[in-house]
Amino acid sequence: MAVLTSQHDDFPRWYQDVVAKAELADNGPVRGTMVIRPWGYAIWELLQAELDAHIKRAGAENVYLPLLIPEGYLRREAEHIEGFSPELAVVTHAGGKQLEEPAVIRPTSETLFGEYLARWIQSYRDLPLCLNQWANAIRWELRTRLFLRTSEFLWQEGHTAHAAQGDAAAYARRIHADVYRAVLEGVLAIPVLTGLKTEAERFAGATTTLTCEGMMRDGKALQLATSHELGQNFARAFDITYTSESGAVEHCWTTSWGSSTRMVGGLIMCHGDDAGLRLAPAVAPAQVVIVAVKDDPEVLATVERLERELDELGIRLRVDRRTDLGLGRRLTDWELKGVPVRLEVGPRDLAAGTASLVRRDGAPRIAVALDDAAAGARDALGQAQAALLSQARSELERRTVDVETLEEAIEASGEGFARIDWAACGVEGERRANAVGVTVRCLMRADGSIPDTAEEDDLVAVLARAY
RNA sequence: CGGGGAGUGGCGCAGUCUGGUAGCGCACCCGGCUGGGGGCCGGGCGGUCGCAGGUUCAAAUCCUGUCUCCCCGACCA
């Protein structure tokens, strides 16, 4: 399991191991880029489909805007360009000539959306305009990690415009709760803390940033999704205006929100163990693998029968008939890949009229009657999904402590999350914590609910080390 | 930009100090035995040792230069 090796970098070696051995991804040819392999991409596709369905349910529509952004666009919002300029990749030449104006490869598309929202919005009747984009983006980060932070990443970014501040705030919160939190907990089985970012941690150009913070197996935090209120900053910079019911020209209130392939990294780090990946059934490319233990006609016939039955139940399935490989090797392969449920069929099982059912989340191996095997596997999937969430939740609770002082909070951050009165920490305390590698992950009310603003009284800050 | 380290078959490494014409593990291919947790035996494919120059009868090894990559700090979905 992960060992904290130093104060500032405790990246667990097993993570890279899981990514490699589960055949999820490799490093790309350009520094910090990532080649996503079929198994990893299949996970992403399932996750993406879930996110997309939730986003559409929240009323946003998909569009696609260009990869290249005129450099000038980024300069229109001061904080935004300041926040992103160090990590931009810029295209200076095209068609064999130097470009008159360099084009930036999108690090995020606020500015481009700003330009187009301005063109598309005329009247209050056009509002709210809720758009989403599935795309890749590039940020030239100094240190990269597969899935968690790569130079190029895949994500969705939502951009919306509203007539009133309250509408924008409500929508950002709706996405945060009904899309991000719902998918993280309901699909990936990753319990999260939700709250507001401090000013120091806020997105460049945002007035309010809502975050979902997951706890990884070693007690460190990972920011898994954010939802921002952009106030009227971008509306002013890009002239996103509308004519109101009374005929006055008003600036819109905008939001943006995003989640990325990082979620796959979160899945690995939250649920993975020493034997490899543990996939939540909802995003498992294969939910069940049937392993033919031996190359035997009766075994193969039974495997075929189970395959048919599971297929009829609509379960994503792989069948392992590689009997020329050692059994141990094959079992280990599927374990590394994180397949939630395994059905083993061999002569010994057949003699007893059963199949062996093994859940990757740690439930003991059981024998199920052949007639009940398909249904048993289906039921096991539901149990496995629930078990992963509850295991992760108890781990989150076990490693979260309430403390009184900043010193205690920093100390506790070595093991997990520390909750402290924001008044007892404050901006100065945050600065001191940052100096030793501890950050304020979010601000919340004492009961865990999300404050209206970061200026609210009696807030609680959650401090932790983060990836 | 500061501080460390490494470039040798697909991957991971040894060999470098003390020059003698390249080796190991894994993977891969072939044959066989196995078969209820990374199994065993035998055979095989595969490398101008990052690049350039130098010293030498002889360079992965010594000298000079050069390129690249990785790790740590500062930035971050």
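Every chain is numbered from 1, with letters handed out A, B, ... down the list of sequences.
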(message) On the side chain of A:Arg330, is there an atom forming a donor-acceptor pair with the base of B:rG36 - under 3.5 Å, no angle test?
(response) no
(request) Applying side chain to side chain contact (heavy atoms under 4.5 Å, CB included) between A:Leu46 and each of A:Leu51, A:Val283, A:Leu279, A:Val187, report the one that passes. (result) A:Val283
(message) Distance check needed: B:rA77 P versus A:Lys197 NZ, whole Å only.
(response) 8 Å
(message) Just the rounded figure in Å: distance from P of B:rA27 to CD of A:Glu23.
(response) 13 Å
(message) Rounding to an integer number of Å, can you tell me how far A:Asp324 CG sits from B:rC33 C1'?
(response) 14 Å
(request) With RNA chain B as reference, determine whether A:Ser260 or A:Lys21 sits nearer its 5' end, using the nearest nucleotide of each. (result) A:Lys21
(request) Round to the nearest Å and state the distance from A:Asn132 atom CG to B:rA77 atom P. (result) 19 Å
(message) When the C1' atoms of B:rU8 and B:rC49 are compared, how many Å lie between them, rounded to an integer?
(response) 4 Å
(request) With heavy atoms under 4.0 Å as the rule, sort A:Thr332 into base, sugar-phosphate or nothing. (result) base
(request) Assess whether atom CD of A:Glu61 is packed by more than 12 heavy atoms of other residues, nucleotides or ligands within 6.0 Å. (result) no
(request) Would you mind classifying the nucleic acid contact of A:Glu141 as base, sugar-phosphate or nothing, using non-hydrogen atoms under 4.0 angstrom? (result) base
(message) I'd like to check A:Leu146 versus A:Gln16 (side-chain heavy atoms, cut-off strictly below 4.5 Å). Are they in contact?
(response) yes
(request) Quote, to the nearest angstrom, the C1' distance that separates B:rA22 from B:rU68. (result) 24 Å
(request) Check every strand shown and say whether A:Leu327 touches a base, only sugar-phosphate, or nothing at a heavy-atom separation below 4.0 Å. (result) sugar-phosphate
(message) Using atom P in both nucleotides, what's the gap between B:rG53 and B:rC13 to the nearest angstrom?
(response) 29 Å
(request) Select one nucleotide: of B:rG37, B:rA77, B:rG38, the one nearest the side-chain heavy atoms of A:Leu336. (result) B:rG38
(message) For A:His80 and A:Phe234, I'd like to know if the aromatic rings sit close, meaning centre-to-centre distance below 6.0 Å.
(response) yes
(message) Would A:Arg145 and A:Phe147 count as a cation-pi pair here, with the cationic atom under 6.0 angstrom from the ring centre and within 45° of the axis?
(response) no
(request) For A:Gln156 and A:Ser259, test the side chains for any donor-to-acceptor distance below 3.5 angstrom and give the result as yes or no. (result) yes
(message) Please compare A:Lys294 and A:Asp333 by the position of their nearest nucleotide in RNA chain B and report the one closer to 5'.
(response) A:Lys294
(message) Checking A:Glu309 now: which residues fulfil salt bridge (charged side-chain N to carboxylate O under 4.0 Å, His left out) with it, not counting sequence neighbours?
(response) A:Arg305
(request) Report which part of the nucleic acid A:Arg322 touches: base, sugar-phosphate, or nothing (heavy-atom distance under 4.0 Å, all strands). (result) nothing
(request) Tell me which residues in residues 102-116 of chain A put a heavy atom below 4.0 Å from RNA chain B, sorted by number, or none. (result) none
(message) If stacking means aromatic ring centre less than 5.5 angstrom from the base's six-membered ring centre, planes under 30°, is A:Phe153 stacked on B:rA77?
(response) yes
